[in-house]
Amino acid sequence: MTFQDLNLNTPLYNALDDLGFTTPTPIQKESFNVVASGKDVVGIAQTGTGKTLAYMLPILRNLKYSRQDNPRVLVLVPTRELVVQVVSEIEKFSKYINNRVLGVYGGTNINTQKQAVAQGQDIIVATPGRLYDLAVSRVLQLKSVQKLVIDEVDVMLDLGFRHQLMNIFDILPQRRQNIMFSATMTKDVDELISDFFINPSKISIAVSGTPLENIKQERYDVPNFYTKVNLLEHLLHDKEEFSRVLIFVAYKKMADRLFNQLEELFPSESCVIHSNKTQNYRLRSIEQFREGEHRLLVATDVMARGLDIEGVSHVINFDTPDYPENYMHRIGRTGRAEKQGHSILLSTEKEQEGLERIEALMQMKIETLEIPENVQISTELIEEERPQIKERNNPTKRSDANKPGPAFHEKSEKNSKTNLGGSYKFKMAAKYKKPKTRGDKNYNRRNKK
Ligand code: AMP
């Protein structure tokens with residue numbers, strides 16, 4: 001398949017020719033018709049898969065020339081570096097199209113950006129905070145936005161941008177196409193989709209380039225968190241075999257909880273990264289792991305993005321991801337450069353569905369191992385594992401029939417009269433034909449007539 005098979009136009013073909021692009025990448029092939037159809041779209045793809053072009057090609061093909069000042073396409077990205085990168089990509093593809101593209105981000109003079117916005121734009125690429133500030137200042141009008149793209153939404157939510165996204169959704173027109181790209185699926189991303197997207201089409205590109213034969217995959221069925229910790233302790237005692245271990249967990253709280261356990265079991269051998277840690281702390285942790293100072297690194301899916309660490313002996317999936325793509329990203333961290341890698345997956349009963357999805361994607365079964373006898377099976381449960389108790393019959397809640405009345409008696413008829421307006425004094429004056437006030441000198445004159 002070449003770009004000629006996609007229904008593009010001459011200006012776009014010429015720009016692609018100039019760039020030397022001939023074949024669409026898998027995400028570009030899959031996205032084109034869906035994005036062009038105007039439906040809401042969720043794409044799972046990593047940076048480097050050509051996802052910018054995947055959403056921009058259909059958008060640029062359908063964007064008509066216009067003189068109106070208000071932007072019609074809004075692209076939100078988490079960092080200013082990405083704003084610059086996406087703007088430069090769009091400019092390359094728009095070489096033969098007469099459109100106006102502007103990138104705006106925080107940390108720079110807002111007035112310069114206001115002036116640029118005021119000149120009229122077709123496409124705005126922005127970080128959420130600065131975009132909102134510009135919209136609130138009313139220089140940037142969002143009422144004409146027809147297409148909203150949110151790129152790297154997993155990073156955006158992990159950095160705590162959810163609130164800003166909500167604010168922006170509030171001021172965008174209701175009728176618009178939502179297009180979202182994320183490298184990993186997290187609980188937060190899933191929630192955002194179900195709250196704001198209308199029946200989105202999902203496009204997912206499994207990570208390629210990871211030769212699965214290079215990775216020995218095994219799994220254990222484990223009942224709960226503490227038994228997982230006991231099993232981990234058992235495995236990690238073999239320091240020679242488990243020489244550099246990347247341990248994945250789904251969310252920050254779990255990362256801290258597991259890190260604390262590991263610190264007790266293997267003091268000064270582990271480090272942790274997630275988005276609530278400072279940039280310096282994260283860099284230091286990665287460095288210590290890379291240099292071999294620390295043997296164990298606990299990480300969330302999003303933070304492990306882009307980690308290129310040589311010689312990871314084992315990837316341990318402390319939990320089973322809901323989305324099989326996340327599993328593929330995780331295990332791709334071991335077994336690089338022709339070296340044999342190892343992956344171990346731990347699943348509770350609740351996580352069996354996730355496991356089925358992973359096996360379906362890979363079209364293979366992962367070998368199941370028995371928990372060794374000397375690993376203690378714990379019965380203690382963490383907060384998330386305890387059954388949720390719902391109060392059905394709350395005895396303190398009364399039914400309406402037994403509801404007590406107001407705590408005071410009704411007003412008597414006399415006291416409940418309402419003020420109908422007008423002045424009592426005026427009425428009396430009219431009735432008894434007396435001056436309204438002693439000072440009303442004109443009273444007699446008026447009444448003589
Ligand atoms: P992205 O995933 O959007 O960050 O793109 C990764 C890089 O691949 C960018 O430098 C793009 O210019 C380039 N690229 C995107 N699509 C293609 C394609 N179809 N053929 C060759 N290079 C591409």
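One is the number of the first residue; the rest follow in order along the sequence. Read the numbers this way: they start at 1 and go in the same order the structure lists the ligands and their atoms.
Interface of E89 with ligand 1, defined as ligand atoms under 4.0 Å from a residue heavy atom, comprises 9 (C), 10 (O), 11 (C), 12 (O). Interface atoms of ligand 1 facing T23, defined by a heavy-atom separation under 4.0 Å, are 18 (C), 19 (N), 20 (N). Within ligand 1, counting atoms from 1 as listed, the ones closer than 4.0 Å to a heavy atom of L53 are 16 (N). Residue contact check: F3 has heavy atoms under 4.0 Å from atoms 19 (N) of ligand 1.
Side-chain contact annotation: T227 with N224, donor-acceptor N/O pair under 3.5 Å present.
A salt bridge (Lys or Arg N to Asp or Glu O under 4.0 Å) with K228 is found for exactly one of E385, E233, E380, E351, namely E351.
Note: F225 and F318 have perpendicular aromatic rings, judged against thresholds of 30 and 60 degrees for the angle between ring planes. Ring-plane geometry between F196 and F169 is classed as tilted, the angle between the planes lying from 30 to 60 degrees on a 0 to 90 degree scale.
An N or O contact shorter than 3.5 Å links Q28 to ligand 1 by distance.
When ring centroids are compared, F266 and H237 come within the 6.0 Å threshold.
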